[in-house]
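In the text below, chain A, chain B and the rest are named by the order of the sequence lines, each starting its count at 1. The figures here come from the full heavy-atom set of this structure, side chains too, leaving out hydrogens, waters and symmetry mates.
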Amino acid sequence: MKILVCISKTPDTTSRIAFKDNNTKFDDAGVQWIINPYDEWYALVRAIELKEKDAQVIIHLITVGGPDCDPVIRKALALGGDLATRVNSTDSDSFNIASQIAAVAKTEKYDLIMTGKETIDFNSSSVGAMISELLEYPFVSLATKFDLNNDIATITREIEGGEETVELKLPMVISCQKGMAEQRIPNMRGIMSARTKPLNVVEPISVAATTEYLNFSMPPAKAGVKLVPADQVAELVRLLHEEAKVI
Amino acid sequence: MVLIYIDHSEGEIKKSSYEALTYGVELAKLLGTEANGLITGTIHGDAAELGKYGISKVFQVNKPELNTIDAAVLTKVIAQAANDTGAKEIVFSHNTTAKTIAPRVAVRLKAGLVSGVTSLPDLTSGFVIRKSVFSGKAFANVKMNTDIKVISINPNSFHISKNETGNAEVIQLDIPVPASSIKVISVNKVRGEVPLTEAEIVVSAGRGLKGPENWGMVEELAKTLHAATACSRPVADSGWRPHHEHVGQTGIQIAPDLYIALGISGAIQHLAGVNRSKTIVVINKDPEAPFFKSADYGIVGDVFEVVPKLIEEIKKIQ
């Protein structure tokens, strides 16, 4: 069985968010890059767990990005991917990224394609669903549990107002979130072996730009907290009622 | 024509769908076109009533098998409905349903997609729309280049506008429904409570509550305010509260009008889930808690003393 896990490089959660070049680019000075947490903790680690149960499983990692993605993809290999492909494109449009991944998947024929539920930088929740449409595969989003019995998957997913458990046959695309697996730390053996695992760089296919990021802005700064003494709770209620008008 | 996808759960139209309707009607005014709705599956009540939100027509593909969210099936049906009705802009609310189907619909229609939208478009040079990025810490202006556009708006970002009267013409569309490959084994919906993502007020508590046995006052405060309850990650991880209440980077992201944080220090991962809240109140005995920097109102004090007083004072003004 072949699993493709889609990996995105994102700034660490605690990074200071700032922009440069007239607010047209993310300012990456001093930023620590990580594997997008949803891709790592939920999609990749669940794939590794499936491989631990069945040695026949091959975990292929894919990322779409420039050479600065290599340390992040090496970390994913250290956690437990078998081989990786980097599509050498810095385009950040979801449709472009999905098209690059689908182009690789069309020739490689994966049984299961896994993504995180969204990236923590662009928060679009789009790439997984787009890949599934391009490949005409079923898509199950926001999965919290995934079990496999031969080629039948049992998946619990979040839906509006609750959750449901569904069954369907491979191949498929799923997006993963909390509940799928627990976070892991790469061990020394993994880190050493990651250096020799194949990381193939392929050039992107040409895709029309459906959307373009023009520039960025920051939300207006908060005015600062209004502190109310602990013995004047009535004053807080008055402020919420009369000033903020939220109760 | 602007086509608004009206999502429903077991036949009940979602609050986020009413927000999408209001947004879609405003968008149509801006573009000088008409706004119509689209329902897949069966709903309770009279679809014509949706005219009160300003739409002229409601298209419906009234087949019960569409009540299951199968992205492949719904995509084909919605894309054909969009083609048959001549829709150019398709509006979703960026909820779990839209995250599943809107990107597929966009690909099928060769449309651009922007999700997590927080504004009407600026049309001065093309079609430029603002979306939330970096987990609510920034916005991006995105230009949409395609003839057909799919827009998925952030929940709780737009107010609902409803008139006293108005009747939409309900038009049944005869679109074939392809067979689904997804078999639903069990459904577990939270009933009778305010869903967290739709709640206007959320009362949330953290480790400062010391233990699950102390949640009575959190629930009482929530009940007094008709609010939903939430919690921080350590609380969910310790099993004090269910995981579906966990708000934050890895949990649920919410944007209520009022977020009350009790005994939560406000780690950056927690803020990533709640920083789009319009008003934030923090009650914490530690004056150094980082959450105060992101709050609008705060009390430095013991939650066990402050919360009962808060409940009492709120009841006085109700």
So which heavy atom on B:Y297 is nearest to which on A:L236, and how close? CB-CD1, 3.7 Å

For residues B:N141 and A:Y213, determine if any side-chain heavy atom of one lies less than 4.5 Å from a side-chain heavy atom of the other. no

Less than 4.5 Å to any heavy atom of chain B: does that hold for the side chain of A:P138, its backbone, both, or neither? both

Checking B:Q249 against A:I120 for the side chain to side chain contact (heavy atoms under 4.5 Å, CB included) test, could you report, in this order, the C-alpha distance in whole Å, the side-chain angles of both residues, the deciding distance, and whether it holds? CA-CA 8 Å; B:Q249 179 84 74; A:I120 62 166; 3.0 Å; yes

Does CD belonging to A:E182 count more than 12 external heavy atoms closer than 6.0 Å? no

Heavy-atom distance under 4.5 Å to chain A: side chain of B:H244, backbone, both or neither? neither

Sort A:L240 into side chain, backbone, both or neither according to what part of it lies under 4.5 angstrom from a heavy atom of chain B. side chain

Hey, is the main chain of A:V246 close enough, under 3.5 Å, to the side chain of B:D257 for a donor-acceptor pair? no

Based on non-hydrogen pairs under 4.5 Å, which of B:I280, B:T250, B:T279, B:D302 is most in contact with chain A? B:T250

Neighbour count above 12 (heavy atom, 6.0 Å) for B:Q318 CD: yes

Which heavy atom of B:K309 sits nearest a heavy atom of A:A230, and at what distance? NZ-O, 3.9 Å

Is the shortest heavy-atom distance from the side chain of B:L113 to the side chain of A:M130 under 4.5 Å? yes

Heavy-atom proximity to chain B below 4.5 Å, by part of A:L239: both

At a heavy-atom separation under 4.5 Å, does A:E167 approach chain B through its side chain, its backbone, both, or neither? both

Can you find a pair of side-chain heavy atoms, one from B:Q269 and one from A:T14, that are under 4.5 Å apart? yes

Report the option among B:A267, B:A72, B:P195, B:A295 that has the most heavy-atom pairs separated by less than 4.5 Å from atoms of chain A. B:A295

Can you tell me which portion of B:I201 sits under 4.5 Å from chain A's heavy atoms? Options are side chain, backbone, both or neither. side chain

Under 4.5 Å to a heavy atom of chain B? For A:S94 that would be neither

In Å, rounded to the nearest 0.5 Å, how long is the span from NZ of B:K137 to CG of A:D121? 10.5 Å

Sort B:V73 into side chain, backbone, both or neither according to what part of it lies under 4.5 angstrom from a heavy atom of chain A. neither

Please flag which part of A:Y137 lies under 4.5 Å from any non-hydrogen atom of chain B: side chain, backbone, both or neither. backbone

Specify the closest pair of heavy atoms between B:T100 and A:S141, including all atoms of both residues, with the distance to one decimal. OG1-OG, 2.5 Å

Between B:S152 and chain A, with a heavy-atom cut-off of 4.5 Å, which part of the residue counts as in contact: side chain, backbone, both or neither? neither

If I compare all heavy atoms of B:I182 with all of A:V140, which pair ends up nearest, and what's the gap? CD1-CG2, 4.1 Å

Hey, what do you get for CZ (A:F216) to CZ (B:R130), rounding to the nearest 0.5 Å? 14.0 Å

Does atom CG (A:N22) have a neighbourhood of more than 12 heavy atoms from anything else shown, all under 6.0 Å? no

Would you mind checking which part of B:H226 comes under 4.5 Å of any heavy atom in chain A, side chain (CB onward), backbone (N, CA, C, O), both or neither? neither

Matching residue for A:E160 among B:K99, B:K15, B:K14, B:K189 - test: salt bridge (charged side-chain N to carboxylate O under 4.0 Å, His left out): B:K14

What part of A:R157 is in contact with chain B, defined as an atom under 4.5 angstrom from a non-hydrogen atom: side chain, backbone, both or neither? side chain

Are B:V142 and A:L214 close enough that some pair of their side-chain heavy atoms sits under 4.5 Å apart? no

Is there a donor-acceptor contact under 3.5 Å linking the side chains of A:E164 and B:N188? no

According to the interplanar angle, ranging from 0 to 90°, do the rings of B:F134 and A:F122 count as parallel (below 30°), tilted (30 to 60°) or perpendicular (above 60°)? tilted

Ranked by heavy-atom pairs below 4.5 Å to chain A, first place among B:H8, B:H94, B:E305, B:K293 goes to B:H94

Relative to chain B, which segment of A:K245 carries a heavy atom at a distance below 4.5 Å: side chain, backbone, both, or neither? neither

Chain A interface, residue from B:Q253, B:K149, B:M144 that has the most non-hydrogen pairs under 4.5 Å: B:Q253

Can you say whether B:D7 sits under 4.5 Å from chain A via the side chain, the backbone, both, or neither, judging by heavy atoms? side chain

Rounded at 0.5 Å granularity, tell me how far CD1 in B:I69 sits from CZ in A:F139. 12.5 Å

Is there side-chain contact between B:V300 and A:L227, with at least one heavy-atom pair below 4.5 Å? yes

With chain A, which of B:L196, B:V133, B:V282 has the greatest number of heavy-atom pairs at distances under 4.5 Å? B:V133

Okay, B:S294 and chain A: the region with an atom under 4.5 Å from a heavy atom over there is backbone

Please flag which part of A:T154 lies under 4.5 Å from any non-hydrogen atom of chain B: side chain, backbone, both or neither. neither

Distance in Å, B:F139 CZ paired with A:M218 CE, rounded so as to fall on 0.5 Å steps: 10.0 Å

Is it the case that more than 12 heavy atoms not belonging to A:K20 sit under 6.0 Å from its NZ atom? yes

Under a 4.5 Å cutoff for heavy-atom pairs, which residue among A:G162, A:S126, A:A223, A:G179 has the most contacts with chain B? A:S126

Which answer fits A:E118, side chain, backbone, both or neither, if we ask what part of it has an atom under 4.5 Å from a heavy atom of chain B? side chain

Sort out for me which of A:I247, A:I17, A:L168 touches chain B most, counting heavy-atom pairs under 4.5 Å. A:I17

Salt bridge or not between A:K222 and B:D296? Use side-chain N to carboxylate O under 4.0 Å. yes

At what distance, to the nearest 0.5 angstrom, does OG1 of A:T210 lie from CD1 of B:I148? 12.5 Å

State plainly whether the residues A:K178 and B:D237 are in salt-bridge range, i.e. N to O under 4.0 Å. yes

Step by step, work out the side chain to side chain contact (heavy atoms under 4.5 Å, CB included) result for B:T75 and A:E133. CA-CA 9 Å; B:T75 296; A:E133 180 64 20; 3.6 Å; yes

Indicate yes or no: at least one non-hydrogen side-chain atom of B:K316 is less than 4.5 angstrom from one of A:V237. no

Counting heavy-atom pairs closer than 4.5 Å to chain A, which one of B:S181, B:G116, B:A227 comes out on top? B:S181

Going from CZ on B:R108 to CG on A:L134, what distance comes out if it is rounded to the nearest 0.5 angstrom? 11.0 Å

If you count heavy-atom pairs under 4.5 Å between each of A:S132, A:A209, A:P37 and chain B, which one has the most? A:S132

Considering all heavy atoms, the nearest B:G112-A:T211 contact: CA-CG2, 4.2 Å

Shortest non-hydrogen contact between A:I159 and B:T96, atoms and distance: C-OG1, 3.4 Å

Short side-chain donor-acceptor distance under 3.5 Å, B:K131 and A:S124: yes

Of the backbone (N, CA, C, O) and the side chain (C-beta and beyond), which part of B:E312 lies under 4.5 Å from a heavy atom of chain A, both, or neither? neither

